[in-house]
Structure formats: structure tokens, C-alpha cells
4 protein chains.
Amino acid sequence: MLQSAVRIFAERGYQATTIRDIVSDADVAIGTFYFYFPDKETLFVHLYEETADFLIQTLQQAVNSRSSFPQQVKAVLQSYVSIAVFEPAVVELLLVAGVGTVPALAEKRAVFREKLVQIWQRPLSEAMDRNFVPLQNERQTAVALTGAIDQVILGMLAEADRDEIADGVVQDMTRFVLRATGHYGEQGK
Amino acid sequence: MLQSAVRIFAERGYQATTIRDIVSDADVAIGTFYFYFPDKETLFVHLYEETADFLIQTLQQAVNSRSSFPQQVKAVLQSYVSIAVFEPAVVELLLVAGVGTVPALAEKRAVFREKLVQIWQRPLSEAMDRNFVPLQNERQTAVALTGAIDQVILGMLAEADRDEIADGVVQDMTRFVLRATGHYGEQGK
Amino acid sequence: MLQSAVRIFAERGYQATTIRDIVSDADVAIGTFYFYFPDKETLFVHLYEETADFLIQTLQQAVNSRSSFPQQVKAVLQSYVSIAVFEPAVVELLLVAGVGTVPALAEKRAVFREKLVQIWQRPLSEAMDRNFVPLQNERQTAVALTGAIDQVILGMLAEADRDEIADGVVQDMTRFVLRATGHYGEQGK
Amino acid sequence: MLQSAVRIFAERGYQATTIRDIVSDADVAIGTFYFYFPDKETLFVHLYEETADFLIQTLQQAVNSRSSFPQQVKAVLQSYVSIAVFEPAVVELLLVAGVGTVPALAEKRAVFREKLVQIWQRPLSEAMDRNFVPLQNERQTAVALTGAIDQVILGMLAEADRDEIADGVVQDMTRFVLRATGHYGEQGK
DNA sequence: TATGAATGAGAATTCATTCAT
DNA sequence: TATGAATGAATTCTCATTCAT
């Protein structure tokens, strides 16, 4: 049922999704839904959190598995793009389905956005400390990077041949991030 | 009534806004709404288009009024940030209220996003032609820039002291954009 | 405006006709309608009565202009069919548009039906008195005749070539009425 | 709920009947209505068809159960009058409630009227073939008979003592039909 | 006389939620 | 655990009617 819910929410958005949509897709009765979840909102928030955790952890692991900034950037982008290709519903749910809907979600969204920012801010801070990137408002840069990448990922989801353009996207965006952070490696300081 | 509608839509999003919300805010009767607009969706799409045109034209004028790439970047950012400070509802409506709602809006949103991308892509192409920025996937860069800036603008809207931080945001983001496009001026090629 | 009203009411029926339909067809403002008529219902009842009077008087004159029963029958049918051909809206209004709608009309309808019955009952009574037709429940016969003729007239209205079949209908129905009343002339008593 | 619906529709007509009328008469909630039927129109059309089928089958069986034309006429009239006495709502629904309302019903009404005409036309054709009635436009006669009988039946419904006058109506109308078709039996050819 | 912007009661319909089984 | 018939508050939209100009 959770599988169905994620997919349907991702496809139609929170408001346009009815409980009946979900349970009929999952082939259970409406009562069954309310046996497991108190209401529609709770389910959505739950799914959002779970999905957000999955994405954040995946990206964080990508960061942790590398040591140099450029490698971290590339690893994060590869992970994110990979999820967009293989689990588009996850991305859709996080970036689209929950925008401007239930008030209870606002805080969860803020937490998710903040964690996403931290994914970028921490490696960036470290790179700044080591003088691999110039002084800058590191938080602002990190916020901007999350927006930049999400937008590109959303663009990918709209394309039919997502899997084929994935590598190009990773390459282009890796360069974008390194340029945007002013990483000296690229400019050859 | 249009004023009310923009503000309420911006505050609560399309779905959560009821006709009653709008008319009671505008202090008119429900019938009055339907005297001027055929339905809720038409009104929203109309407001979205009008608002989108306003934003796009303002940003385009900012581009046209300058000749050098860095000046164009700064002018666009100043315009955008200015709108965010003085007309936050406009930004909220365009970036949040219409996400994932009515099908009729999807196309309008796509058109708006595309125009926003063009705002950046055209100056960037020109700069690339003149060798002021390195070779790059200029469309991808432009898409990423729109995402980056929107995200930062949205962050601004969440702050109480929007007007005070506006200048800093413009400065930081100008640098971000110049770095992200690889503009040589800043790095002193 | 009355012209428009009759036509529109006849076309769409009472409920489906809006004041706006009528006034826009008559090219006047809504306010003008309410200057002349207190409300929709009053207009309809007024039109119904006027139209009913016109039909009844026309048919009554047809009766009065002839002396023998068969001639009276034929004259009434010719008049009725003629109205159906040249003023179909009149017939539509009386037989269809006002069925099962406003309570205030029920009485008017009853009066109209009764007059229609009298159109047939009076000549029939006279013919019975003179032994031109057999003894019968003359009222029942008259009621049945009105139903029979209305049904045939309604059938005519549905045909495209109303004017061409009109004569045949008059002939067939004249025979029908003479048979149905048991008029001896036809059977040659 | 179906019982309620038929009665209320019959009493007030399609347009004047609200869903609330039906459900409050049936003592269920509005949602219950929409659980069983997609909308008001569908329900009405459904009831109309079902009711029409019932009436047509009943009348057809009356025809089939007799062999001579006069007996067939009497049997049909007895059946029809009987339904009018015991199920007045059925007749009201078919003859009044659905006149000039929903477009979707127009076709169903036409089909019903045609079947009603056939009820009379078939026995009449047979009688004509056997020279029991004179040559005539048999279709026109059949159409007229349906109108005549419906009108008389509607007159019955308006009377309080329906059950007491029923037999008289059957007798009078049997004679009417036999006369109207020119059946020789009555005139003693 | 004539206008038409404004009104708001009322109708159809949706859908999250409940609860007896 | 699981069901699904039943509920009714809430929403969109219509349209007869009013009234200031």
C-alpha cells in the first residue's frame, strides 16, 4: 500500500490523490487504510519523511565515501541522478507533490531542505577551510546549489530518455558546481 | 478582487484557496466572482500568466538596460530581489502556488520556466561567443541558474527582514552566477 | 421580448430557460425584463395563458364557422395543424414547455385542457342529441380526442417536412375522429 | 431509496426534485445517494427505463394473452388502468416527470413512445389484414390511440376515487378504441 | 424607462472519515 | 485484521432577483 501511495502521490500530487485512488491501486479496502493510518495527511507526511531520509542518507553516503571536494560533488550528483532515473517517484514526491499543501508538511519540508543544504555546505566549508575554494557566503552557495540541482533533476524527469542523458547531466552539473563554488582545481590556481 | 486573489492564492496555494476565501477577503459576494470570471481555474491561470509576464518583462528589461555580462547579471538579480521584497505575493504565486495543481497550468508553467531560462541563456550565449566565459552546456547552466536563484529568493521570503538582507543577497548571488558561468573577469584570466 | 420569450421557452422548456437567455435574444438588459414583469414565473404563466387563449379561440372559431359535425371536425383539425406548421412554438409551449414545472401553472393548464375538451365535447354533444353519433360518455370521448390529436400534432413537430404532411394528417385524423365518435355518416347508417 | 426516488420524481418532476428531497424521504445521507448512483440524471434515466420496460411488458403480455382484437384492446386497457390505480407514480413518471427535461432522456422517451405505439399498431395491423377493421393509416391511428389513452389515464390520476371509476374507464375506452379503429364487430358489419 | 453590476440562496457533487460486522 | 456501506461537511457553480444610477 505504501508503494502505491508513493507512486500515486508522486503522479498526481497530494490534493489530487484520493484515498480511494490509493487503496484501489493497492487492492485493499478503504477500511484497511484507516486501520494502518489515522488519516491521509499523516500518511503523506510519513511517506515524505521516509523518502526524504532515504534521499538524504544516500547523498550523505556519497559524500562520506569520497575525500576530495570534486569527487564528493561528482558522487553526490551521480547518486541523485541515479535515484531520479530509477526512482523518479521519490524525487517527484519530495520536490513537487508536497509543495504548498498541508501545513503539517511545511516543517518537514524545511527540515529536508536544510539537510539538503547541509549535504553541500559541509564539504564546501571544508574546502574553504583548506583554501580549495575562495571565501564566500557558504550557506548561500549551498542553498543555490540545491536549487540549481533540483531544477536540473526536474528537467530530467520531464525527458523520456532519462537514463541516456544521465551521464551528461552528471558531467555538466559537476562542472557547474565546481565553477559555482569557485573551486581552484578547475580554474587551475 | 484580483488583488485579494493574488494574495490569497500566494498565501495558501491554489487548492487550499476557496472562492469564499477570495470573495470574503475582497468583501464581495460569491456571485460577483462568477460575474467576472468563469471559474476558479480560469482566474488562477489568468493571474499566473499576468504575473509571469510582469516578472519576465521586468527581468528582460534589466538585461536589456546593460551591456556587459556582469552588469546584466547584477541588474537581473536586483530586479528579481526587488520584486521579492516589494511584491512577495508575485513570487510566491509563480514559484509555489501553482506547483502540481491544475493540468491547464502545466503548460503555462513550462512556458514561464522556459522564458526564465532564456533570460539567462541569451546573455550567457553572447558571453560565450565573445569568450568571456568558457565553453559549456549553456542551456543546462541557464536551467541551473534559474533553480539556484529561485531557491535563494524563496529563502529570502521566509525571512522577516527581507529588505535588509536584499543587498547582500544580490551581491552574493552576482558572484555565484559569475563563478557558475566561469566568467573570466572575476577570476582574472 | 415576448416573441423571444415564447420561442426560447418553447425550445428549451421552462426550467432550462434563463432570464438571460430571453433578454440576450431580445437584445435588452436584464433590468428591462424586470421592469415589465415581476418574475420569470409570471411571464411564463402570462405567455401560457395568452397562447392558450389564441389556440382555443382559433379552434373555437373553426367550430363556429361550420354547422355539420364532420365539417367542424375537419375545420378544427385544419386550424390546429396549421398552427403547428406556422407557429410550432405555440404548440410546443402549450403541450411541452409547461409540463410538470411551476405549481402556479397547474391550474392554468387544467383550464386550458378543459377548454380544449370543450372544443370537442360541445359539437359532440350536439351530434349526439341529433342522433348523428351513438350514445357514449361524451366527456371521456372528448378527453381522449384531445389526447389523440395532441399526440399526433407532437409527432408532426418532430418531422422536418411538417408542411408537406399536413394535409395527410388532417385527412387521417378527420377520419379517426369521425370513427372514434362513431359518427354514422362514415359508416353509412 | 429507489422507491422514494420514483415517488418524488413522479410528484414534482425531474427538475423540481432535488437530491436532498430524495434522500431525506428515504432517510439516508446525501453521500449514500452518490454511493449508489453517479448523479441525478443517471438515476432518473435508469428509473425511467426500468419503469418503461415494466409498463411495456405488462401491456404486451396483455396483448399476447388474448387473440381477438376486442379482447386485446380490453386487456391492454385493463392492465394500463390497473397500473394507474395501483402504481400511479409509475404512470406519472413516464407521462409527466420526464417531459422536456434532460437531453439524455429524449431518446429514451422516443423509444418508449415507439414501443407504446407498437403495442397498438401490431394488433391493429393484424385486424386490418383480416378485414376486421377498415383500411387506414395504421401508424397514425396507433399514435393517436396512445395519446388518447394517456390523456384519459392522466385524467384518472387527478381523481380521488381512481379505483372506483376504473372499470367505467376501461369500458368507455374499449368502446372508444374499437370505434376509432372502425372495428366492424361493434358496428355489426 | 432602461441598465447591468452585484447579490446570495440553493443545488449538485466530492471525498475524508467512521463503524458495525 | 479487514471490510465497505454510510455519512455529511465543504466546495463549486448557477441564476432569479434587486437597486443605484
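Reminder, nothing fancy here: chain letters follow the sequence lines and each chain counts from 1.
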**Student:** Measure NZ/D:K40 against P/E:dA11 and give the value in whole Å, please.
**Tutor:**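 In whole Å, E:dA11 P lies 9 Å from D:K40 NZ.
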**Student:** In whole angstroms, how far is the P atom of E:dA16 from the CG atom of A:L43?
**Tutor:**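 Rounding to the nearest Å, CG of A:L43 and P of E:dA16 are 11 Å apart.
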**Student:** Less than 4.0 angstrom from a charged side-chain N to a carboxylate O is my criterion; do D:R20 and D:D25 meet it?
**Tutor:**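 Looking at D:R20 and D:D25, the cut-off is not met.
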**Student:** Considering only side-chain heavy atoms of A:I30, which listed nucleotide, F:dG4, E:dT13, E:dG4, is closest?
**Tutor:**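 Among the listed nucleotides, the one closest to the side chain of A:I30 is F:dG4.
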**Student:** Is the phosphate of F:dT17, meaning OP1 or OP2, less than 4.0 Å from a side-chain N or O of C:Y34?
**Tutor:**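 Yes.
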**Student:** Starting at CZ of B:F37 and ending at P of F:dC13, how long is that distance when rounded to a whole Å?
**Tutor:**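 To the nearest whole Å, that distance equals 13 Å.
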**Student:** Mind calculating the distance between CD (C:E41) and C1' (F:dC15) to the nearest angstrom?
**Tutor:**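 Distance, rounded to whole Å: 15 Å.
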**Student:** Would you mind telling me which residue lines up with the more 5' stretch of DNA chain F, B:I19 or C:Q15, judged by nearest nucleotide?
**Tutor:**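 The residue whose closest nucleotide sits nearer the 5' end is B:I19.
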**Student:** Both conditions, 6.0 Å and 45 degrees, for the charged tip of B:K40 above the ring of B:Y34: are they met here?
**Tutor:**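 No; the conditions do not both hold, so B:K40 does not lie above the ring face of B:Y34.
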**Student:** Work out which heavy atom in D:A97 is nearest to a heavy atom in D:A10; give both atom names and the distance.
**Tutor:**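 It is CB-CA, 4.4 Å.
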**Student:** What is the distance, rounded to the nearest whole Å, between atom CD1 of D:I22 and atom C1' of E:dT13?
**Tutor:**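 Rounding to the nearest Å, CD1 of D:I22 and C1' of E:dT13 are 14 Å apart.
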**Student:** Which of these nucleotides, F:dC13, F:dA16, E:dT3, is closest to any side-chain atom of C:R20?
**Tutor:**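 So the side chain of C:R20 is nearest to F:dA16.
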**Student:** D:T18 side chain: which of E:dA11, E:dG4, F:dT7 is closest?
**Tutor:**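 That would be E:dA11.
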**Student:** Using whole Å, what does the distance between atom C1' of nucleotide E:dT14 and atom CZ of A:R12 come to?
**Tutor:**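 Distance check: A:R12 CZ to E:dT14 C1' gives 15 Å.
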**Student:** Quick check on DNA chain F: between D:T32 and C:T17, whose nearest nucleotide comes earlier from the 5' end?
**Tutor:**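 Nearer the 5' end of the strand: D:T32.
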**Student:** Is it true that B:D150 and B:R113 have a side-chain N and a carboxylate O under 4.0 angstrom from each other?
**Tutor:**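 Yes, B:D150 and B:R113 are salt-bridged.
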**Student:** Using heavy-atom distances to pick each residue's nearest nucleotide on DNA chain E, tell me which of C:Y36 and B:F35 is more 5'.
**Tutor:**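 Final value for this comparison: C:Y36.
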**Student:** Can you identify which nucleotide, out of E:dA2, E:dT13, F:dG4, has its nearest atom closest to the D:D39 side chain?
**Tutor:**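 Between E:dA2, E:dT13, F:dG4, the one nearest the side chain of D:D39 would be E:dT13.
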**Student:** Round to a whole Å and report the spacing from CG of C:D27 to P of E:dT1.
**Tutor:**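 Nearest whole value for this atom pair: 20 Å.
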**Student:** To the nearest 0.5 Å, how far apart are CZ in D:R109 and OG1 in D:T101?
**Tutor:**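 OG1 of D:T101 is found 8.0 Å from CZ of D:R109.
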**Student:** Please report the closest heavy-atom contact between A:F9 and A:L43, naming both atoms and the distance.
**Tutor:**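 Taking A:F9 first and A:L43 second, the nearest heavy atoms are CE1-CD2, 3.9 Å.
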**Student:** Would you mind telling me which of F:dC13, F:dT17, F:dT3 lies closest to the side-chain atoms of A:V28?
**Tutor:**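 So the nucleotide nearest the side chain must be F:dT3.
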**Student:** Let me have DNA chain E in dot-bracket notation, would you? Count Watson-Crick plus G-U wobble pairs, both distances under 3.5 Å, and use [ ] for pairs crossing earlier ones and | for inter-strand partners.
**Tutor:** .||||||||||||||||||||
**Student:** As an exercise, state the distance from OG1 of B:T51 to CD1 of B:I56, rounded to the nearest 0.5 Å.
**Tutor:**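 Answer for the OG1-CD1 pair, B:T51 versus B:I56, is 11.5 Å.
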